[in-house]
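To start, the structure itself, in structure tokens.
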Amino acid sequence: MPELPEVETVRRGLSPTMEGAVIRQLELRRPDLRFPLPREFAARLQGRRIIALSRRAKYLLIDLDDGATVIAHLGMSGSFRIEAGEAGVMPGDFHHPRSKNEKHDHVIFHLDGADGGSRVIYNDPRRFGFMDLTTRNELDIYPAFRDLGPEPVGNELSADYLASRFAGKQQPLKSALLDQKVIAGLGNIYVCEALWRSHLSPERAAATLVTPTGRPKQQLLVLTEAIRAVIADAIAAGGSSLRDHIQTDGTLGYFQHSFSVYDREGSSCRTPDCSGNVERITQAGRSSFYCRICQK
DNA sequence: GAACGCACCTGTGCGC
DNA sequence: TGCGCACAGGTGCGTT
């Protein structure tokens, strides 16, 4: 479920293995994911040292020592796993069963490193993910990043900013928050969770959180803090699940979270003293989960 | 411009 | 057990 917190967790999980390592070989098992892989992708990465792993929204960025940056998006079903080379054994890796989805291993980074050579394997059954190549200098003009909104963690995101984006917008809050141009990195799950925490209905028009003079109403302040908190909590949860995953099979990308409303249709609302049940509605083709009683 | 619908592709879970 | 169907976390394009 790669939304921003999952991608951040993947980044943290891969960093110790990938940063500083040299890409001995890039193995491409097919010519495309969602889009064709870049021309000469394997040749351009071979022999390069990985300088740093970073993240922008739901994109993983791999900086190389020649100024190039690999952009990786996990789509809906992408994950990475780390396998040790001949010279080493992953913690807990002894006799661990091969992934049953090995046929969906599409891109394999063969690394030279201090541990004797790990493999970092990108697996993606649905192939909604993609990889591209640009340069660090051109990241800001990369099409997917050009119009991206601020990150939901950090100082860029404020109630004032959201008020400026929501003013005059009749679009439902759910759709407005999913728009990556408004906030970068929020997905279906965390939008549902943030709206539940804020007691706001996903169907409410975005403009109703803004005063006639363009100032954020109190509820927008609450929503802003809820967005920050729900993402921060998920990153913290990813950090704890990270340890478990690395100890078991090295797979990064899927974590067991427990959500307050997401995927809880028909269950009782977890807001204290609320007698409502979680409902599921469809907005813009996506499921929204919310409690009609306490979310207005 | 805004708001949908749909396509991309495979796996899973459900009802029958 | 097996089949068919609905649905799934994202993004981007086309249509109205």
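Lettering follows sequence order; numbering is per chain, from 1.
- Proximity of His104(A) to the phosphate of dC9(B): no side-chain N or O atom is located under 4.0 Å from OP1 or OP2.
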What does the B/S/- profile of nucleotides 10-16 of chain C look like, 5' to 3', with a 4.0 Å heavy-atom cutoff to protein?
BBS----

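- Partners of His199(A) under the side-chain contact (heavy atoms from CB on, under 4.5 Å) rule, at least two apart in sequence or in another chain, are Thr271(A), Cys294(A).
- Arg127(A) has its CZ atom 17 Å from the P atom of dA7(B), to the nearest Å.
- Within the structure, every pair that satisfies the salt bridge (Lys or Arg N to Asp or Glu O under 4.0 Å) test and touches residues 259-275 of chain A, not counting sequence neighbours, is listed here: Glu265(A)-Arg280(A).
- Stem list for DNA chain B (at least 3 consecutive Watson-Crick or G-U pairs, distances under 3.5 Å): B:2-8 with C:10-16, B:10-16 with C:2-8.
- With sequence neighbours excluded, the residues satisfying side-chain contact (heavy atoms from CB on, under 4.5 Å) with Val182(A) are Leu162(A), Arg165(A), Phe166(A), Lys169(A), Asp179(A).
- Counting only residues at least two apart or in different chains, salt bridge (Lys or Arg N to Asp or Glu O under 4.0 Å) contacts with residues 186-198 of chain A comprise Arg197(A)-Asp233(A).
- Put simply, Ser77(A) has no side-chain N or O that comes within less than 4.0 Å of OP1 or OP2 on dG11(B).
- Listed by chain and number, the residues in a side-chain contact (heavy atoms from CB on, under 4.5 Å) with Thr213(A) are Thr211(A), Arg215(A) (sequence neighbours excluded).
- Screening residues 53-62 of chain A for salt bridge (Lys or Arg N to Asp or Glu O under 4.0 Å), with sequence neighbours left out, gives Glu8(A)-Arg55(A), Arg55(A)-Glu151(A), Arg56(A)-Glu151(A).
- OP1 and OP2 of dC9(B) both lie 4.0 Å or more from every side-chain N or O belonging to Lys103(A).
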Protein N or O to nucleotides 3-6 of chain B N or O, pairs below 3.5 Å:
unit_1 : atom_1 : unit_2    : atom_2 : d
dA3(B) : OP1    : Gln171(A) : N      : 3.0

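- Residues in residues 281-296 of chain A take part in these salt bridge (Lys or Arg N to Asp or Glu O under 4.0 Å) pairs, two or more places apart or across chains: Glu279(A)-Arg292(A).
- Residues Asp105(A) and Arg81(A) are paired through a salt bridge, judged by an N-O separation under 4.0 Å between the basic side chain and the carboxylate.
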Identify all side-chain donor-acceptor contacts of residues 139-150 of chain A below 3.5 Å with residues at least two apart in sequence or on another chain.
unit_1    : atom_1 : unit_2    : atom_2 : d
Tyr142(A) : OH     : Asp132(A) : OD2    : 2.7

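- Residues passing the side-chain contact (heavy atoms from CB on, under 4.5 Å) test with Leu53(A) are Arg11(A), Leu14(A), Ser15(A), Met18(A), Glu19(A), Ile50(A), Ile62(A), sequence neighbours excluded.
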